[in-house]
Amino acid sequence: MNLRGLTVREMLNLPVMKNAKLISGEQGLDRIVQYIDIWEVPDIGSWLREGEMVLTAGYPARDNPSLLTEMIEQLANVNGAGIAIKPERFISQIPQEMIEKSNLYHIPVIQLPLSAAYIDITYNVMEQILNRQAVLLKRSEEVNKALTGLVLNNKGIQVVADSVSKLIDSSIWIVDKGGAVLASSPEGNPYVPSGNHRQWEVNVDNKMLGKFVVEKRELDELDLMLIEQARLVFSLELMREKIAYDTESRLRGTFFEELILNPPADERITASKGLQLGLSPDWLWEVAVIEADEPFYNEDAPIAEAIQSYLSEESAARKVRPQLQIHGGKIVLFLPSVPTADTEKRPDNKRRPLPWGEELQRWLKPWDTVRVGMGRQAPLFEANRSYNEARTAVSIGFRLNQRRQLFTYAEVEMLQMLLNSSDSAWLGRFVDERIGKLAEHDQANGTNYVSTLYHYLATGGSLNETSNRMFIHRNSVNYRIDRIKSMTGLDLNSAQSRFELYLCSAYQLLKRA
C-alpha cells in the first residue's frame, strides 16, 4: 500500500469505479493519485500538480478536441496521475491522437459512464487518500516521539542507529565527512562505499557533518518518512556531540594556551586539570613549533586541517590525545607519548609507532614551505620548557640550514649556550682569530667557505653529505676544504680544532643570519 495516495489501478478497483473503462496508458496504472480536480475551463493546465487525476465531461474541448491531447502532455510534464472522461455529452469520442499520446507518456485515460457522479468519485477516492495519509502521519508522530525520546534520554548515537535500522529493516551507517564510521547497525559493520547504497546528508548549523547511509535500495513512503525523521534525530545527536566536543576543545585550548604563556606554578594542580581533560599524568610531552614565511591565523589553514586529521589517526594508534594550537602565527603541537615500559607491553603484532619527530619529518615532506622545531620530552608540568626549546630549535636550526625542515633542540642546545655567552666581545675575538680570514674572504669574494666548513664539520667530515646539503659537487667540497686548511693553518684531523671550528663557524653563520 502506497501511503502517499492510491494508484490508478487501485482507484479503478473501487466500487464507485466499477463501470469505468481503461482506454489507454496501461503502463501508467501504478501512477499515484494524490488529488482530484474537475476540468471545465480551458486553462486548467497551469493549475495542475503532481499526482493529479482530472475528471471532465470534455466541455472545454467541445469545439477544439486537440485540447484533450494537450492535457495529456500537460499531465506528463507535472507527473500527473491521469484523466477520466465522460465522452458522450460534449464530445462524440475520445480522439485517437489523445490515445496515442496517452500510450506514449504512460498517462492513463479512463472512460466514465454518463451516470457517474463526480462527487461520488471525488469523495471515495479522497477518503482513501486521506486515510492513508493519516496512517502515515500517525506513524510519523510515533516514530518522531520514539527517536526524539532516545535523544532526550541521552541514549547515544549507537542506540538511535540500532532503532532506525530495525524500523527500516536495513543495515545503516552514520559516517563523518571524512568517511570514518561514527555509528553503524549492526554495530561494528564495516562501511564500504558502494553505488548500491542510498545516502542523505546530516547537517548541523548549515554545515554537512556526515552522511546517513542505507543499504536498502527499494524504499517505500514509510521508509522515506522514517529516514527524514532519522536525519533530524541524527542531526540532533551530532549537534550535541559537536557542542560537547567544542566545549572540551575550548577548555583544552585554554589550558594549553596557559602552558605556552607561563610555566605552571603547581605541578599537582596542572596534573589534576590535565586529568579532567583526559590527559594522563604518565604521558611525556614533546612540543613541536611549525612556522612558515606567512603566519598561520587559524585552524582552517589547509596544513592545519591536514595536521589535525593526521593527529586524529595517530592519537587512535598511540592511545593518547595530542593538541594543536595556533599561537603567534605558528602552529604549536603538543605531542604526548606513553612511557616506554607501557609501550613494550603491546602485542608484537601491533605496530609500534615511530617517535613523533620521525613521523613528522616523514609526514611533512610534501609541505616543503614549512619548518619545524622540536623540544625535548617533558612531563606536562614542564611543557612550557619544551615549547621554548622547540622555538629555539627552529630559529637556530633554520638559520644554519635552510634546506632542512625539522630541527631538534638537542642539535642546537650547545649553540644556544654559545649565543647566550655573557662575554660576547671575548667570544667575537676568539671566533675572529680562528676563522676571521674565511669570513673576510667570503664577504670580499662572495664565496661560502664558512658555510662549507660548518656543514663539513656538522656531517662528521663527509664530503658526500656536505655536497648534498650545499647542492654542489663532491670535488667542489674537497677543493674548498683544502683552501680552508690552507687559509686557517688549522689541522682538521685534530679533535680540538674540529670542535673549535664547528662552534666558530656556527656562531659566525648565526651572527650573520
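Bear in mind that the values here come from a model prediction, so they are computed numbers and not experimental data.
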Can you list the steps and then say if Tyr454 with Gln508 is a side chain to side chain donor-acceptor pair (under 3.5 Å)? CA-CA 10 Å; Tyr454 167 76; Gln508 183 69 31; over 6 Å; no
For Arg250 and Thr247, run side-chain contact (heavy atoms from CB on, under 4.5 Å): C-alpha distance rounded to whole Å, both residues' side-chain angles, the deciding distance at 0.1 Å, then the answer. CA-CA 5 Å; Arg250 187 169 61 254; Thr247 301; 3.9 Å; yes
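No side-chain donor-acceptor contact under 3.5 Å links Thr270 to the backbone of Phe381. Side-chain atoms of Arg231 come within 3.5 Å of backbone atoms of Glu201 as a donor-acceptor pair (strictly under, hydrogens ignored).
Taking 4.5 Å as the limit, some side-chain heavy atom of Arg480 sits within range of a side-chain heavy atom of Ile472. Looking at heavy atoms from C-beta onward, Val320 lies out of side-chain contact with Ser337 at the 4.5 angstrom threshold.
Between Arg429 and Glu433 there is no salt bridge, since no side-chain nitrogen of the basic residue lies less than 4.0 Å from a carboxylate oxygen of the acidic one. Between Asp368 and Arg403 there is no salt bridge, since no side-chain N of the basic residue sits under 4.0 Å from a carboxylate O of the acidic one.
Separation of atoms CG (Leu333) and CD (Gln323) is listed at 9.5 Å; rounding is to 0.5 Å. Rounding to the nearest 0.5 Å gives a distance of 5.0 Å between CG of Leu453 and CD1 of Ile484. Note that CG of Asp282 is 8.5 Å distant from CG of Leu284, once rounded to the nearest 0.5 Å.
Taking the six-membered ring wherever Trp is involved, the centroid distance between the rings of Trp285 and Phe256 falls below 6.0 Å.
When the salt bridge (Lys or Arg N to Asp or Glu O under 4.0 Å) test is applied to Arg483, no partner is found at least two apart in sequence or on another chain. With sequence neighbours excluded, no residue forms a salt bridge (Lys or Arg N to Asp or Glu O under 4.0 Å) with Glu465. In this structure, the ring pair (Phe, Tyr, Trp, His ring centres under 6.0 Å) partners of His441, at least two apart in sequence or on a different chain, are Tyr449.
No side-chain donor from either of Asn468 and Asn464 sits under 3.5 Å from a side-chain acceptor of the other. Side-chain atoms of Glu258 and Asn262 form no donor-acceptor pair, as typed in the model, at a separation below 3.5 Å.
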